[in-house]
Engineer: 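Below are the structure tokens for one structure; questions will follow.
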Amino acid sequence: MNRKAIQELTVAEIVANDYRTAEVFKKHGIDFCCGGKKTIERVCRDKAVNIDLLQREIEAIQSTEDISEHAFNEWSLSFLIDYILNVHHAYVKRNMSLITEFAQKVALVHGDHNPENRDIAKLWDSIVSDLTQHMQKEELMLFPYIKKLDQYSLGELKQFPKAVFGTAKNPIRMMENEHDLAGNLMKHIEIISNNFTPPAHACNTYRVLYAKLQEFQNDLHAHIHLENNILFPKAIQLEDVSLSLVNNCEV
Ligand SMILES: [Fe+2]
Ligand SMILES: [Fe+2]
């Protein structure tokens, strides 16, 4: 949907289409319930809200997949891992080089007048290098082990899987620390980019860079949520239960 079309929609229509946008209106103090019949154009004028910023925030939410329909908690751990790999790891790999190219270009062209873009390019480089190594550890060590645990618990694997890292708790603690680091680097970019808001004079590359960074942060939050809050606690629980069964059998 183009920008003009969004401006002509009412607040209620946008929220009805995608309830996740409600949080954007809430943040700007816009009534999306009883007073939702006003168009975006009108409500921004009445409330003195920057319409470009509001639209970018709405578009960032609309461009990410609505994951609330998925019953992640009911999925097998192997299926959840495949989802994380195919959706989130693939997203990171697909977008890293494009964002790097844009971040370097914007830092070079606009760095004198908007020096925060040089810091953004450096922070982004750290994110790329950290996340590349982080995902490799998950893909080569932790996830295959969790998949084997899952297969063992279903009787598809006869031997309890051996791990080079002791128990899953060790790499999981490391992965959670690395999630915090990546989340903090993105938060730093969010702050110095003024909540991913390019200045009025920004060229298209500048605008696309900020929009992609915001999209990347949204994806990272969903990715980390699935690992920290669903996959990892379930893997630890499954390992504990399976180990106690193994130990009981050996007694
Ligand atoms: Fe991951
Ligand atoms: Fe991770």
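For ligands, and for the atoms within them, numbers begin at 1 and follow the listed sequence. Computed from a predicted model, the values in this text were never measured in an experiment.
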Engineer: Sort and list the pairs that fulfil side-chain hydrogen bond (donor to acceptor under 3.5 Å, both in side chains) and have at least one residue in residues 121-133, not counting sequence neighbours.
Structural biologist: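 For residues 121-133, and leaving out neighbouring residues, the side-chain hydrogen bond (donor to acceptor under 3.5 Å, both in side chains) pairs sorted by first residue read T100-W124.
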Engineer: Once the angle between the rings of F216 and Y91 is folded into 0 to 90°, is it parallel (under 30°), tilted (30 to 60°) or perpendicular (over 60°)?
Structural biologist: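 If you compare the ring of F216 with that of Y91, the planes turn out tilted.
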Engineer: Hey, which protein N/O/S atoms does the Fe ion (ligand 2) have under 2.8 Å?
Structural biologist: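 H134 NE2, E138 OE2, H179 NE2, E227 OE1, with waters left out.
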Engineer: Strictly below 4.0 Å, N to O, side chains only: are E215 and K212 in salt-bridge contact?
Structural biologist: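 K212 and E215: salt-bridged.
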Engineer: Tell me which N, O or S atom from H89 is the closest to the Fe ion (ligand 1).
Structural biologist: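 Atom name of the closest N, O or S in H89: NE2.
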Engineer: Near H201 NE2, under 6.0 Å, is it more than 12 heavy atoms from other residues, nucleotides or ligands?
Structural biologist: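 For H201, atom NE2 is crowded (more than 12 foreign heavy atoms under 6.0 Å).
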Engineer: Is there any side-chain hydrogen bond (donor to acceptor under 3.5 Å, both in side chains) pair reaching into residues 76-87, and which pairs are they, with sequence neighbours excluded?
Structural biologist: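 Listed once each, the pairs are E65-Y83, S78-D150, D82-K147.
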Engineer: I need the full list of side-chain hydrogen bond (donor to acceptor under 3.5 Å, both in side chains) pairs touching residues 152-172, with sequence neighbours left out, sorted by first then second residue.
Structural biologist: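 Passing the test, one end in residues 152-172: K169-D240.
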